[in-house]
**Student:** 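This is the structure, below, for whatever I ask next.
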Amino acid sequence: MTTDTESLYRDHVLGNYGLPPITFVRGQGTRLWDDAGREYLDFCAGIAVVTMGHAHPRVVRAISEQAARLTHVSNLYRNEPQAQLAVKLDALAGGGGKLFFCNSGAEANETLVKLSRLFGRRKAGVEGRCIEVIVADQAFHGRTFGGMSATPQEKIQGGFRPLVPGFVTAKFNDIDSFRAAVTDDTAAVLVETIQGEGGIRPAGSGFLRDLRALCDEQDLLLLVDEVQCGVGRSGTFFAFEQAGIRPDAIGMAKGLGNGSPIGAVWIDDRHADLFQPGSHGTTFGGTPLVCAAALATLEAMEEEAVLDNVNSNGAYVMQRLEAMQADYPDTILGVRGRGFMIGIQVAEPPAELVALLRDKGLLVPSAGGNVVRFLPPLVATRADFDEALAILEAGVRERSPLRS
Ligand SMILES: Cc1ncc(COP(=O)(O)O)c(C=O)c1O
């Protein structure tokens, strides 16, 4: 089995991800099993996707019932789950907005960038002017042309030029840098509330409030990418809530469908009419199937009060990691994040530590800046965290230059 799938991947699946190391065949809650029957503790959660854990009964039931009734009709027609999900997400975003549904985080951000173009055209009174979007250094907004062009990193952009024009980079968490980047051609600011791929760097609440004020003062859109930090991962449904701001539009994806591919954009009613009939779309966006999965995910989140779990266990793990950092200061250089979006900065490129932890049964993704991430399902328990911390400590001890 193992060799079969591995060799099929080697021969037939594009090598853009390298050759993935394990074949998984089953999941339950915070656990995954590979094709040899080995169990793993999943603190990757499909990179911040499997919000309520693998095979959550409510989500499984919603998907199978919806699949048996109606899977797809296209956006030429209405479907009930899409309407219900729009109502729910609008309420979670603060109300007074409209939803667009798509299939991924990058596609959500494409929509934000297109919104900025329409906004800029209205502001300038002519197309092609006022097209600039200020983005942050170390940002990650996706792999499509718009998302990649908004991601000022050579490792993402290299080889694909020419890029989409109009993106200007400012320093994350530095309002003076953003202010200095504003010109007559600026339409919008686009930031992750907590930078994920860049190494788990939260935007300061003061910085977000200053950005909101800057955008108000200069008549710019404040576009927030909550693709990774949204849907409860930070301890509030959206991470920006902690700064008390209201963005003009929000991109979300990952955790929304518990593994069903769904992206969404919320746009404040003041700007929602910029998208007129025919101006944007996607065949698969908002199918009854994925919307039913997302509704079940949101209902399960409420029913199981996962935000309380994220806040209490998030604080617990942070305090344990800080203690671990004090014990291994040469190996763990820093710990940061919010809720269940945690970054552990280590002294060397984390690939070997990630592989060592995997061998010990713990799955974690890495991020930029030598960071190992903890991104468990939001249902992870104190016992799951204790187990993960014990494995991490064993791995860190082995990698520590001071080990005896
Ligand atoms: C903040 C952020 N935005 C956008 C994306 C792109 O999302 P997707 O991979 O679903 O296209 C990601 C993916 O990691 C992300 O973390």
Side-chain angles (χ1 to χ4, degrees), residues 14 16-17 20 43-51 100-116 133-153 155-157 160 164 167 169 172-173 188-203 208 222-234 237-240 247 249-266 282 284-286 290 293-294 297 336-343 364-369 371-375:
L14 195 71
N16 57 312
Y17 300 109
F43 268 38
C44 179
I47 322 185
V49 166
V50 189
T51 305
F100 169 76
F101 292 101
C102 52
N103 311 283
S104 68
E107 217 186 333
N109 288 333
E110 290 291 329
T111 307
L112 294 179
V113 172
K114 287 178 81 170
L115 176 71
S116 77
V133 178
I134 309 173
V135 296
D137 57 349
Q138 291 161 324
F140 182 81
H141 296 296
R143 301 286 193 153
T144 54
F145 260 92
M148 176 176 65
S149 305
T151 298
Q153 296 186 47
K155 68 176 183 204
I156 305 293
Q157 298 180 340
F160 298 109
V164 176
F167 293 97
T169 307
F172 191 55
N173 270 330
V189 165
L190 169 63
V191 286
E192 292 158 87
T193 319
I194 304 173
Q195 288 189 333
E197 300 306 304
I200 312 291
R201 297 166 207 277
L208 288 173
L222 179 55
L223 310 174
V224 169
D225 178 349
E226 291 249 351
V227 166
Q228 187 163 152
C229 62
V231 195
R233 185 151 291 280
S234 72
F237 188 81
F238 291 114
F240 67 76
I250 309 161
M252 60 196 108
K254 285 187 180 284
L256 192 52
N258 211 59
S260 290
I262 178 167
V265 174
W266 175 90
T282 165
F284 287 117
V290 296
T297 305
R336 51 184 185 250
R338 302 235 173 98
F340 282 10
M341 189 167 174
I342 296 160
V364 287
S366 59
V371 164
V372 170
R373 281 179 285 180
F374 273 9
L375 298 173

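Both ligands and their constituent atoms are indexed starting at 1 by order of listing.
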**Student:** Which heavy atom of Ala264 sits nearest to which heavy atom of Cys102, and what is that distance?
**Tutor:** N-SG, 4.0 Å
**Student:** Any N or O of Asp225 that comes nearer than 3.5 Å to an N or O of ligand 1?
**Tutor:** yes
**Student:** Under 4.0 Å from atom 9 (O) of ligand 1, do we find at least one protein heavy atom?
**Tutor:** no
**Student:** Is there a side-chain contact (heavy atoms from CB on, under 4.5 Å) between Glu226 and Arg233? Walk through the geometry before answering.
**Tutor:** CA-CA 10 Å; Glu226 291 249 351; Arg233 185 151 291 280; over 6 Å; no
**Student:** Just jot down the ligand 1 atoms closer than 4.0 angstrom to any heavy atom of His141, in number order.
**Tutor:** 3 (N), 4 (C)
**Student:** Just going by heavy-atom distances, which of Gly147, Gly105, Ser104, Ala253 is nearest to atom 7 (O) of ligand 1?
**Tutor:** Gly105
**Student:** I need the contact type for Lys254 against ligand 1. Using non-hydrogen atoms and a strict under-4.0 Å cut-off, is it side chain, backbone, both or neither?
**Tutor:** side chain
**Student:** Do Ser234 side-chain atoms and Arg338 backbone N/O form a donor-acceptor pair below 3.5 Å?
**Tutor:** no
**Student:** Quick one: which ligand 1 atoms are inside 4.0 Å of a heavy atom on Glu197?
**Tutor:** 14 (O)
**Student:** May I ask you to identify the nearest protein heavy atom to atom 11 (O) of ligand 1, giving residue, atom name and distance to one decimal place in Å?
**Tutor:** Ala106 N, 2.8 Å
**Student:** Show, in sequence, the C-alpha distance, side-chain angles and deciding distance for Leu375 and Phe340, and conclude whether the side-chain contact (heavy atoms from CB on, under 4.5 Å) test is met.
**Tutor:** CA-CA 6 Å; Leu375 298 173; Phe340 282 10; over 6 Å; no
**Student:** Whether the side chain of Gln138 engages the backbone of Gly198 through a donor-acceptor N/O pair (distance < 3.5 Å, no angle test) should be reported.
**Tutor:** no
**Student:** Name the closest protein heavy atom to atom 4 (C) of ligand 1, giving the residue it belongs to and the distance to 0.1 Å.
**Tutor:** Asn109 ND2, 3.4 Å
**Student:** Taking it one step at a time, do Glu107 and Thr144 satisfy side-chain contact (heavy atoms from CB on, under 4.5 Å)?
**Tutor:** CA-CA 8 Å; Glu107 217 186 333; Thr144 54; 5.9 Å; no
**Student:** Looking at Arg373 and Glu197, is there a salt bridge between them, counting it only when a charged N and a carboxylate O are closer than 4.0 Å?
**Tutor:** yes
**Student:** For ligand 1, is there an N or O atom under 3.5 Å from any N or O atom of Glu192?
**Tutor:** no
**Student:** Considering only protein heavy atoms, which is closest to atom 16 (O) of ligand 1, and at what distance to one decimal place?
**Tutor:** Gln228 NE2, 2.8 Å
